[in-house]
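This report concerns only the one structure given below.
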Amino acid sequence: MDTGTILYLISLATMIGLYAILTLGLNLQWGFAGLFNAGIAGFFAVGAYTTSILTTPVTPDHLGGFSLPVPLGILAGVLLSALLGYAVARICLRLKSDYLAIATIGIAEILRLVLKNESWMTNGSRGIAGIPRPFEGMAQPWGELSFLAVVTATVILLYLVIERAWHSPWGRTLRAIRENDEAAEAAGKDVIAYRAQVFALGSAVMGLAGGLMAHYLKFIGPEATEPILTTFLAWVMLIAGGSGNNRGAVLGAFVIWTIWSGTELLTQRLPPDWQTRSSYIRVFLIGLLLQIVLQRFSQGILPERPPQPKRSESPSKPG
Amino acid sequence: MIDWSGLLDFIGFYLIPGLVTGCIYALGAIGVSLLFGILRFAHFAHGDVMTLGGYLALTVVWWLGWPVLAAIPLAAAATALVAVGLDRAFYKPFRRRPTIISVIASFGVMLMLRSAIQLIWGVEPMQYKAGIVPPLVFFDELRVQPRHIWMVGVTVALVLALHILLTRTRIGRAMRAVSDEPDLARVTGISTERVILVTWLVGGALAAVAGIFLGMDSKIDSYMGWDMLLPVFAAAILGGIGNPMGAAAGGLVLGLIEELSTYNWIGEDPLVSPDYKLGIAFAIMVALLIWRPTGLLRGRQF
Amino acid sequence: MLRSLGKFVLAGVAAVVLASTLPARAADDEVKIGLLFDVTGPVANFVPPMLDAAKLAIDQVNAQGGILGGKKLVSIVADTQGSPQVAVDAANKLVNAEKVSVVVGALLSGTTLASAQSVIIPAGVVQISPTATTPVLTGLKDNDWVFRVVPSDATQGPVLAKMLMDKGITRVALTYANNDYAVGIAGTFRDAYKKLGGTITADIRHEEKKSSYRTELAQLAKGKPQALVLIAFAGESGVTIVKEALEGAFFTQFIGTDGLRDKLLIDQIGGDNLKSALFTSPSAPPGTPSLEAFEKAYTAAYQTTKDKLFIQQVYDATFIAALAIEKAGSTDRAKIRDALRDVGSAGGEAVGPGDWKKAVDLIAAGKKITYVGAACPCQFDKNGDVAGTIGEFIIENGSYKQVGVVTP
C-alpha cells in the first residue's frame, strides 16, 4: 500500500472519528435523557468559531490575534458550547421533545445567521482561514497519523467516560427520569437540573467536535456549519447505528460516513459522458442506501438497549 | 393629512409581498401540520415535495402549452400521487416504530427527491414565462402584479375548501378523529390507512401549489422548497402543531411579519436589518415555543 | 442470527467500497486530472457548463494525439458539495486515492482554501482554481503549489468603480449577496468608488435564495440613484432582484459583475428590458484570437451559448494544466509545478485554446511556449495570481457583447 492510499484511509478515519465525537455528544442528550436536539449545528459552530478566533494570528478580516495554543482554543470552544447548552436547556426544557427539537433548530439558525452577518468577528461569508493544525509541520503521513491518533484517543476516552457515567448514580438518576419523570420529581429529584446538565455536557462534546474539525480543515465558514452536514448527519448516524447506544453512535459514524464518501468512488467510475450527472446520482444513492439501512436494521444496526419508552418519542398531546 | 404616497408604497412593497409570501408559507405549513397531526412525524422532505410540484407544473406548461395557472390542478394531482408513493415505499414500513425513524427516513427521501429532480430537469433555474409582466397600476402609484392577485385568491379558496373538507365530510371528520384521539379512532373502526392516504393526497397537492406559487413569484430551481422548509415549519408551529387551519394563519402571519419587519416604522431606517429578515421567523418561533407552546390558536386540534 | 448476517453484509459492503480506493484502472496508459468542483451545493446552477468546458479541453487533447506520448488524458470529478468538510474528503480522494497529477478547482473560495491548506499543500500537488477570488489566496503560504486563473476581487471592484465614474454614473445604490464572492468585490468597489468621488445612496447586503427582495429594493430606490449596482450571481438572487426591480419600477439601469453576466439573465428577463445594463467581467479584449478560438470550439461542441459564467476560466485552467504536464514530460508533481510556471510566463511561442498539437510539437522540439488563454494571458506572478483584463459588456440583440476593456 502506497503513501497516497494510506493518506486517504487516514483522512477517512479522521472524519469518521470527528463525526463519532459529534454523535456521541448527541447520544448523551438523546440516549441518556431522551432530549431531541435538532440544533447540533449551533453548538458545533460555537466550538469551531471560538477556537478559530482564538488560535489565529492578527488579521484585519476578523477578530483574532490571540494566537493561543490549540488545546486552549479547543477548550474555550468546549466551555462556551457547554454554557450555551446549559442556557438553552434551562429555557427550553419545559418543552416536550418535538417542541424542543424545533426550538433548537430555531436557535441554531439564528446563531448561524449571527455568525454569518457579524463579519467583524468571523469574517462573515468569507470565513476564517489559516487555522493551525496540530502536527502539520511533520512529514507525511506522520502528521496526519498523529492527528488521527489524537482524534481516536478522544473517541475512546469519551466512550469510556460516558459508559462509566451511565452506570454511575448520576446516570441511574437520569435513567429514572427518562423512564418516568413524574415519579422522579415526586422522589425529590430536580428533573430540570439533571436534564440541563446532560444537555450541557452533550453540547460541550459537540463543541469539541466542532473545534477539532476546524483545526483539521484549517478553515471554517458558514457552509461548514450548515445543518445537513452537522445536525442531519449526526442524527442519521445515531439512529442508523443504534439509537440510545454509544457503540451504535460510533458504528453509525463509520457506516454513514463511509456511505457518504464512498458512493462517490462508485459514481466516479461511470463513463465520462455521465460526469455532469454523476454527482447527483451519488446523492441519490446516499438517500437510497440510507433507506435500505433503516429498513433492514429498523432498530439500528446495534440495538443493544431496549426501545425507547413511548413517552419521549411520540409527540405530546396538545396543550 | 395622510401621506397617500407613503401608504401606497407600504401597501405595494411591504403589505402585498408579505401576504404573498404568507400564502406560500401557509400552503406548505398546512401539509406539514396535517402530516404531523395524523402521522406524528415532522416531514423533512416536504420542501422537496413543493419543489417537485413546481417542476411538474413546468413540464405541463412545456408539453401542453398551457399557462401556469391552468397547469396547477394537473401538477397538484401528480404530486399528490407521488407523495402517496413516497409514503408507501419509505414511510409505511415504519408506522409502528418510534417516529424518529420516520423523520430520518424523510431526510433520506429529501436527498433522493432533490437529486432525482436535478437529474430529470437539470440545475439551471427556470421560469414559467420569461420576461417581465407589467403590473396593474392603481392610483398612479400602487403597482400590483396580476399573479399576486391570483395567488392570494387561490390560497383563500383552497383554505376554505380544506375547512369544508375537515368539517363537513366524513373523511375529514375521520381525519380529525385520528389526529385528536388515535386510539379511539381505531377502536371505532375508522380506517387509519385510508385517512393516511387522503392526508398524503391533500398535503402533497397543497405543497405542489405552494411550490408553483414560489416558482411563479421568483424562479424554479432544485433548492427552492428546501430553502422554504424552516419557515414552513415555523408557521406550522405558530398555528399550533397538528392544527391545519392554524398553520394557514401562521403562514400568513409569518410572511407578513417577515416583510413588514423591515419597514421603517420608526424613523428612516428599517426596524430590522434586512440581513436578519430570515432570522425573524426563527426568533418568533423560538419565542412562541418558550412562552406559548400550543401556538396562537389554542383549543381543539382542528 | 439474521441480524448478525446483516452486519456481515454491511461490513462487506464497507470493505468493497474501501477496496475500490485502490486504483482500479491501469495507470500506465492514462494521465489523470482531478476536477475538484462544487457540483452540488450553493453554486450548483452554474457547474454543468463548466464541466463541459473542462471536457472540451480534455477532448481536444485526446483528439490531437494524446498526452505524454499518446496517453489518454482523463478527468476525475470529485464533488465538494459546497462545504469544507466534504471538500477535504474529495481532495483526498483525488490527490491520494486517485493520485491525479494536477487538481483543477475548487470553485468557491472556502472549499478552495480548505482543500489547499488541508490536502494540496501537504501532499505537494499543483492546484489551479478557476474561480476562487478571495484575496487570502494571494498571501497563502503554499510552497508555490496553489495557482488561479482569475483575478482576485481586489481588482474587479476598483475597475467597476472607474468604469462607472468614467461614464458619468456618479450616484448609485449598491446591493450585494452575502457570499464570499460578492462581499469581496463590494468591499473593494465601495472604497474605490467613494475615493473617486462617487456617491452610494444605499448599501444593502442581501441573502440569496429568497423569493422577495421588494423591501430591499424599496430602500435602495430612496435617494434617487442613477442605477443599481448588483453584485450577485444571476441564478441565486440576481435575476429575482432585476425582475422585481423592473416590475416595481424601482430601477431601470443595472450594473453587474461577472456573476450577473449569465445567459440566464437575458433568458428570463428579456434583452429588451436590459438595454442600459452594464457589466464588468474578467475577459480577454474583444476580438482576441484566443477568446474567439475558445468560443468557436465551445459552441461547436455543445451547441449552446458561450455566455455562461466562468467557462473560459475553467477551460484555461484545464488546458494549461495539460500543457504543464506535457512540458514536464512526466507525472512528477514537482516537475509539473515548474513546468506550469514556465508555460505561464512570457517569452515563449504563443499557444492558445485548441492548439494542442502545435504545443506538443514545440515542446518536443525543446522550445518554450507561453499559453495565451481565453480569459487571461495567464501569466502567473510570484504568488500564483494572474493579472488579467476586465472587459466591459452590454446587451445587444439578445446577447452579451464586449465593447472594450476597462483599464484600471
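First the proteins, then the strands, lettered A, B, ... as listed; each starts at 1. Every heavy atom of this structure was used, including side-chain atoms; hydrogens, water molecules and symmetry mates were not.
For a residue to count as touching a neighbouring chain, one of its non-hydrogen atoms must lie under 4.5 Å from one of that chain's; by this rule C:S109 does not touch chain A. For chain A, no part of C:A182 is nearby; none of its heavy atoms comes within less than 4.5 Å. Interface remark: A:E136 contributes no atoms to any contact with chain C (heavy atom separation under 4.5 Å). Both the backbone and the side chain of C:V77 come within contact range of chain A, judged by heavy atoms closer than 4.5 Å. For a residue to count as touching a neighbouring chain, one of its non-hydrogen atoms must lie under 4.5 Å from one of that chain's; by this rule A:F147 does not touch chain C. With a 4.5 Å cut-off on non-hydrogen atoms, C:K55 touches chain A through its side chain but not through its backbone. Proximity to chain C (any heavy atom under 4.5 Å) is shown, for A:Q275, by both the backbone and the side chain. For a residue to count as touching a neighbouring chain, one of its non-hydrogen atoms must lie under 4.5 Å from one of that chain's; by this rule C:A87 does not touch chain A. Heavy atoms of A:W274 lying under 4.5 Å from chain C are absent altogether.
A:M213 has its side chain out of reach of C:P84: every pair of non-hydrogen atoms, C-beta onward, lies at least 4.5 Å apart. Annotation: side chain of A:D2 is in contact with side chain of C:K99 (closest heavy-atom distance under 4.5 Å). Put simply, the side chain of A:R126 reaches to within 4.5 Å of the side chain of C:P135, judged on heavy atoms.
Heavy-atom pairs under 4.5 Å with chain A peak, among C:L51, C:D79, C:D52, at C:D79. Taking chain A as the reference chain and counting heavy-atom pairs below 4.5 Å, the highest number among C:L113, C:V88, C:N178 is found for C:N178. Contact count against chain C (heavy-atom pairs under 4.5 Å) is highest for A:T276 among A:I131, A:D61, A:T59, A:T276. Listed options A:L217, A:I228, A:L7, A:I259 were ranked by heavy-atom pairs under 4.5 angstrom with chain C; first place goes to A:L217.
Between A:Q268 atom CD and C:L94 atom CG the span is 6.0 Å, to the nearest 0.5 Å. The line from CD of C:E207 to CG of A:L113 is 5.5 Å long, rounded to the nearest 0.5 Å. Going from atom CG of C:N96 over to atom CG of A:L9 covers 9.5 Å, rounded to the nearest 0.5 Å. Here the CD atom belonging to A:E264 is positioned 7.5 Å from the CG atom belonging to C:D89, to the nearest 0.5 angstrom. Atom OG of C:S115 sits about 12.5 Å away from atom NZ of A:K218, to the nearest 0.5 Å. Note that CZ of A:R269 and CD1 of C:I76 are 7.0 Å apart. Values are rounded to the nearest 0.5 Å.
Side-chain atoms of A:W260 and C:Q81 include a donor-acceptor pair closer than 3.5 Å. Counted by atom type alone, C:T40 and A:R282 present zero donor-acceptor pairs between their side chains at under 3.5 Å. Side-chain atoms of A:S125 and C:D180 include no donor-acceptor pair closer than 3.5 Å. Of the N and O atoms on the side chains of C:K93 and A:S11, not one donor lies less than 3.5 Å from an acceptor on the other residue.
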Give the C-alpha distance, both sets of side-chain angles, the deciding distance and a yes or no for side chain to side chain contact (heavy atoms under 4.5 Å, CB included) between C:Q117 and A:R133. CA-CA 10 Å; C:Q117 293 174 87; A:R133 187 205 283 188; over 6 Å; no
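Here the closest non-hydrogen pair linking A:A224 and C:Q85 is O-NE2, 2.9 Å.
Taking non-hydrogen atoms and a 4.5 Å limit, the residue list of residues 114-124 of chain A in contact with chain C, ordered by number, reads A:K116, A:N117, A:S119.
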